[in-house]
Student: 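Can you read through this structure? Questions will come right after.
Note that this is a predicted model, so its numbers are computed, not measured. Naming: A, B, ... by sequence-line order, numbering from 1 per chain.
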Amino acid sequence: MSLKIYNSLTRQKETFTPINPPYAGMYVCGPTVSGESHLGHARPYVTFDVLYRYLLHNGYKVRYVRNLTDAGHFEEEGREAEDKISKKAVLEKLEPMELVQKYTNLYRWAMDRLNNLPPSIEPTATGHIVEQIEMIKKIIADGYAYEINGSVYFDVEKYNTDYSQKGQPYGILSGRVLEEQIESTRDLDNQDEKRNKSDFALWKNAPPEHIMRWQSPWGEGFPGWHIECSAMSTKYLGEEFDIHGGGMDLQFPHHECEIAQSTVCNHKMPARYWMHNNMITINGRKMGKSYNNVIKLSELFSGSHPLLEQPYHPMTIRFFILQSHYRGTLDFSNEALQASEKALKRLMEAVEWALTNWVVKEAQPAADKTLDGKVQKLVHEFKEFTDDDLNTAKVLANMFELVSVINSVKDKHLPANALASETVMLLKKQLKLFVEDIFGLKSEREGDDGKLEGVLQLLIDIRKEAKGRKDFVTSDKIRNELIALGIQLKDEKDGGMSYTIG
RNA sequence: GGUCCUGUGGCCGAGUGGCUAGGCAGAGCUCUGCAAAAGCUUCCACAGCGGUUCGAAUCCGCUCGGGACCUCCA
């Protein structure tokens with residue numbers, strides 16, 4: 001069985017077949033670094049990180065491109081041209097690039113904490129002004145864009161007319177029909193420049209107050225909203241590449257416009273597989289500036305937001321995201337996050353124990369054939385479920401069934417020889433592969449230098465001695481004082497002791 | 001208004017025609033000096049009303065509710 005992914009373009013699951021194996025190209029729309037990343041941003045980056053990791057595991061040589069939008073977009077098209085970055089820069093008395101740097105750093109920090117692998121290339125819009133201008137020139141030359149007052153607009157209607165005949169009308173990705181769009185598009189100010197309401201800007205003339213501006217054949221200005229992704233994906237992945245990902249809210253108009261621009265320039269549909277993750281909601285509502293319910297990632301990690309009852313570790317967030325399917329909405333609540341926190345802890349402790357302490361004799365047959373078969377099946381399904389459009393939720397469900405088995409062996413509720421040694425080896429290997437390498441989950445325990453562990457071992461030894469002479473006052477004191485510090489001692493069945501922090 | 005998605009037990013969340021995930025919370029039991037942890041058992045579902053079918057959470061229709069996009073947005 002091979003990887004199947006849901007292609008928004010065809011509205012069905014399709015077997016993933018790269019254009020030039022073993023190479024695979026993947027483009028994911030990155031953040032606008034004029035502000036801090038929030039919980040909602042974590043979703044696509046975690047989702048596509050898992051896809052990236054899985055493709056790598058499957059032996060593909062993946063080039064993963066995720067852009068940084070640092071040129072600023074309009075707050076609202078047609079209104080007073082307000083470049084987000086320049087506006088904020090004035091308010092905060094910062095250079096635009098200083099602001100960009102600040103939020104880029106914060107974004108990378110958050111990505112790192114979420115254990116997202118860095119992409120192969122993280123191109124910036126400002127670093128590709130030349131490519132964008134060249135692309136716009138090409139579109140004008142082909143007759144699909146027009147210049148007016150120093151701005152350039154894409155002629156959507158002409159594109160739709162011409163490309164409908166080729167089976168690729170404008171709206172093909174989102175299922176919109178241009179004629180209906182024209183009817184329903186809201187009236188915005190300053191629309192008069194455009195020939196049609198549905199036309200979109202490729203280049204905007206910069207009003208004097210704009211700080212970010214570049215010289216172009218049409219005067220000083222800045223690129224439109226969508227052209228950077230077309231320019232950069234073409235440059236680094238080619239005219240036709242494998243996967244294009246992003247949030248559902250980008251499907252229209254952003255990705256639709258990308259398709260139109262790239263198709264005019266390169267005469268090809270840019271990407272074969274279009275993938276869209278769904279939104280994270282808070283009390284059923286999408287997170288968004290307009291709803292005033294945005295929780296920044298740094299606030300989530302530190303717990304400093306009125307909606308938060310406590311801080312949440314980045315791994316809890318990652319696990320929370322993986323517990324649902326990426327195409328469904330995921331509703332945030334403290335209760336849900338707390339459930340994830342506990343579940344993750346349970347999973348990681350069992351996995352850690354299995355990987356480090358579960359040793360089996362060579363060539364040992366299974367004493368419990370039924371259980372052995374069940375474990376085999378659960379483990380084999382890791383791949384099967386992941387192949388099925390990244391169903392991480394089902395994989396995790398299987399893992400939890402295995403956690404019970406692992407803990408039973410650990411606590412000697414199950415004999416050590418219940419499973420065949422081969423099965424145990426397979427289980428350990430696949431758990432490590434999926435939990436750590438593919439899902440990117442790691443123990444929440446922060447790395448220490450071993451000193452803490454030494455101290456704890458000392459306390460454990462003292463407590464053991466106290467217990468040995470039935471001095472429960474001392475042993476309970478040690479345990480109670482430690483729990484007050486957030487360190488929990490656990491007496492094991494075999495007389496040993498373990499601890500968990502946090 | 002247009003386009004589309006969705007409604008699963010206290011909470012989160014899988015599941016597309018029969019085999020009724022999983023996590024957290026609750027209850028009971030086992031283990032334990034006592035805890036914790038762990039294991040076992042257990043309670044609580046498929047918005048409503050019709051229809052198709054031998055059989056539906058799963059397909060169809062209607063009703064009600066929620067949401068997304070159409071505007072920066074993951």
Student: Using a 5.5 Å cut-off between ring centres and planes within 30 degrees, is A:Tyr45 stacked on the base of B:A74?
Tutor: no
Student: Under 3.5 Å for both donor-acceptor distances, Watson-Crick or wobble: does B:C40 have a partner, and if so which one?
Tutor: B:G28
Student: Between atom CG in A:Asp331 and atom C1' in B:U6, what is the gap in whole Å?
Tutor: 13 Å
Student: Can you tell me the Watson-Crick or wobble partner of B:C4, both distances under 3.5 angstrom?
Tutor: B:G67
Student: Just how far, in rounded Å, is C1' of B:G67 from CG of A:Asn277?
Tutor: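 Rounding to the nearest Å, CG of A:Asn277 and C1' of B:G67 are 16 Å apart.
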Student: Would you mind classifying the nucleic acid contact of A:Ile280 as base, sugar-phosphate or nothing, using non-hydrogen atoms under 4.0 angstrom?
Tutor: base
Student: Whole angstroms only, please: what is the CZ-P distance between A:Arg11 and B:U3?
Tutor: 14 Å
Student: I need the CD1-C1' distance between A:Ile460 and B:A36, as an integer number of Å.
Tutor: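 To the nearest whole Å, that distance equals 14 Å.
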Student: In whole angstroms, how far is the P atom of B:U6 from the CG atom of A:Asn278?
Tutor: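 Result: 10 Å.
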Student: Between A:Ile295 (CD1) and B:C73 (P), how many Å, whole number?
Tutor: 21 Å
Student: Counting only side-chain heavy atoms from C-beta out, which of B:A21, B:A36, B:G33 sits nearest to A:Gln488?
Tutor: B:A36
Student: Side chain of A:Asp491 only, heavy atoms from C-beta on: which candidate in B:A74, B:C24, B:A35 is closest?
Tutor: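 Comparing B:A74, B:C24, B:A35 against the side chain of A:Asp491, the answer is B:A35.
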Student: Does any N or O donor sit under 3.5 Å from an N or O acceptor when you compare the side chain of A:Arg479 with the base of B:A35?
Tutor: yes
Student: Regarding A:Asn398, tell me which of base, sugar-phosphate or nothing describes its non-hydrogen contacts under 4.0 Å with the strands shown.
Tutor: nothing
Student: Taking CG from A:Leu330 and P from B:C12, how many angstroms apart are they, rounded to a whole number?
Tutor: 10 Å
Student: Nearest whole Å is fine: how far is B:G2 C1' from A:Phe252 CZ?
Tutor: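 These atoms are roughly 12 Å apart.
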Student: Among B:A38, B:A14, B:A74, which nucleotide sits nearest the side chain of A:Lys394?
Tutor: B:A14
Student: Considering only side-chain heavy atoms of A:Ala336, which listed nucleotide, B:C69, B:G23, B:C12, is closest?
Tutor: B:C12
Student: Can you tell me, in whole Å, how much space there is between the C1' of B:G39 and that of B:C46?
Tutor: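 The same atom, C1', in both gives a distance of 30 Å.
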Student: If pairing requires Watson-Crick or G-U wobble contacts with both distances under 3.5 Å, which nucleotide is the partner of B:C34?
Tutor: none
